[in-house]
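One structure below.
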Amino acid sequence: MTTSSVVQYRVENRVAIVTVNDPDRRNAVSAAMSIQLRAAIAEAESDSGVHALIVTGAGKAFCAGADLSALGTATEEGLLRIYDGFMAIAECTLPTIAAVNGAAVGAGLNLALAADVRIAGPDAMFDPRFQKLGIHPGGGASWMLQRAVGPQMARAALLFGMKFDATAAVQHGLALQVADDPVAAALELAAGPASAPRETVLATKVSMRATAAPGSIDTDLHRLALRTELGPQAISIASPEFAARLAARSTRRRHPRSSEVEA
């Protein structure tokens, strides 16, 4: 196992398991975490003995969103640094599974959506939360949600604040299944590509990316969606209203976990 401050990496039966590992802060996304996520994905892709990848969270949360203390001062460049971790998952050449063990909020929801497949634990909660914070969705969230659950449910989530528990996530196609141990279930699912020739697995993913919308590649569409959202989100984060909300949260809650929510 490779262990860093906020990301753990290990390989089991030809499957890389990447764990965001900051449980005291409910695995809040930071620039440092994103850098380490990108490095872990690159390590898996470069290892010929790895055929699939699982991402999960340490502790009770999958990922409770972005670090608000960093988000409140983020420029467009800073937002891109926060996004880079889940974009590494989205662009991974290997089949990817998000084992969602708990809350996936804001940027944490983006991390789950970036995977090819999601398996929900009993306590999983998929919550966009952007509107509640008074900020524009970011990271391609609007595109990823519409791809995952269709336009109506995506609008219910982003325009009306709907969130999905584990059962609702499966009902609406956001998750494949509910499992008491989502990592174990993900490993069972990943046994398929793990036992297949790696070149066939990689080629199949390339083809699926190219045929989801023939004439385009889905990762290119994701990047375009990210750029479309980036300007409005940067403006909303820089607004006096968001600064006031951030200050109010800091006043109400002095525990370090108050800095985690979403980008």
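- A donor-acceptor pair under 3.5 Å is formed between the side chain of His222 and the backbone N or O of Gly139.
- Contact detail for Val149 and Gly173: the closest heavy-atom pair is CG1-C, 4.5 Å.
- Applying the side-chain hydrogen bond (donor to acceptor under 3.5 Å, both in side chains) rule to pairs touching residues 50-63 yields Thr56-Asn101, sequence neighbours excluded.
- When all heavy atoms of Asn13 and Ala194 are compared, the pair lying nearest together is O-CB, 3.5 Å.
- Closest approach of Ser236 to Gly134, counting heavy atoms only: CB-O, 4.1 Å.
- Contact annotation: the side chain of Asn110 approaches that of Met144 to within less than 4.5 Å [non-hydrogen atoms, C-beta and beyond].
- Legend: side-chain hydrogen bond (donor to acceptor under 3.5 Å, both in side chains) pairs involving residues 112-126, not counting sequence neighbours, sorted by first then second residue: Thr96-Asp116, Asp116-Lys205.
- Side-chain atoms of Thr211 never come within 3.5 Å of backbone atoms of Pro214 as a donor-acceptor pair (strictly under, hydrogens ignored).
- The salt bridge (Lys or Arg N to Asp or Glu O under 4.0 Å) search around Arg198 returns none, not counting sequence neighbours.
- Gly121 approaches Ala166 most closely through the heavy-atom pair O-CB, 3.4 Å.
- Note that CG of Leu221 is 8.5 Å distant from CD1 of Ile217, once rounded to the nearest 0.5 Å.
- At a threshold of 4.5 Å between non-hydrogen side-chain atoms, the residues Val7 and Asn21 do not count as touching.
- Remark: side-chain polar atoms of Gln146 are not paired, donor with acceptor, to backbone N or O of Ala154 under 3.5 angstrom.
- Residue pairs satisfying the salt bridge (charged side-chain N to carboxylate O under 4.0 Å, His left out) criterion with at least one member in residues 166-194, sequence neighbours excluded, are absent.
- With hydrophobic clusters built from ILVMFWY side chains whose heavy atoms lie under 4.5 angstrom apart, Leu53 does not share a cluster with Ile35.
- Remark: Gln36 CD to Tyr9 OH distance equals 14.5 Å, nearest 0.5 Å.
- Linking ILVMFWY residues whenever their side-chain heavy atoms come closer than 4.5 Å, directly or via other members, places Leu94 and Val11 in the same cluster.
- Residues meeting the salt bridge (Lys or Arg N to Asp or Glu O under 4.0 Å) test with Glu12, sequence neighbours left out: Arg10.
- Looking at Asn27, its side chain does come within 3.5 Å of a backbone N or O of Ala61 through a donor-acceptor pair.
- Sequence neighbours left out, the pairs with a member in residues 89-102 that pass salt bridge (charged side-chain N to carboxylate O under 4.0 Å, His left out) are Arg38-Glu91, Glu91-Arg223.
- Grouping the Ile, Leu, Val, Met, Phe, Trp and Tyr side chains by contacts below 4.5 angstrom, directly or via other members, places Leu133 with Met162.
- Checked by atom type and distance alone, the side chain of Gln8 never pairs as donor or acceptor with a backbone atom of Thr19 at under 3.5 Å.
- Through direct or relayed side-chain contacts under 4.5 Å between Ile, Leu, Val, Met, Phe, Trp and Tyr, Val117 connects to Val15, Ile17, Ile54, Ile97, Ile119, Leu176, Val183, Leu187, Leu189.
- Glu199 pairs by the salt bridge (Lys or Arg N to Asp or Glu O under 4.0 Å) definition with nothing, not counting sequence neighbours.
- Every pair tested for salt bridge (charged side-chain N to carboxylate O under 4.0 Å, His left out) that includes a residue from residues 163-178 fails, sequence neighbours excluded, so the list is empty.
- Connection of Val178 to Phe126 is not established within any shared hydrophobic cluster, with ILVMFWY side chains joined at heavy-atom distances below 4.5 Å, either directly or through further cluster members.
- For residues 207-217, the set of pairs meeting the salt bridge (charged side-chain N to carboxylate O under 4.0 Å, His left out) definition, not counting sequence neighbours, comprises Arg209-Asp218.
- Listed by chain and residue number, Pro95, Pro193, Ala196 satisfy the side-chain contact (heavy atoms from CB on, under 4.5 Å) test with Val201 (two or more places apart in sequence, or in another chain).
- Contact annotation: the side chain of Arg81 never approaches that of Ser34 to less than 4.5 Å [non-hydrogen atoms, C-beta and beyond].
- Side-chain heavy-atom separations under 4.5 angstrom define the hydrophobic clusters, and the remaining members of the one that includes Phe160 are Leu159.
- The backbone N or O of Ala234 lies less than 3.5 Å from no partner atom in the side chain of Glu76, so there is not a single donor-acceptor pair.
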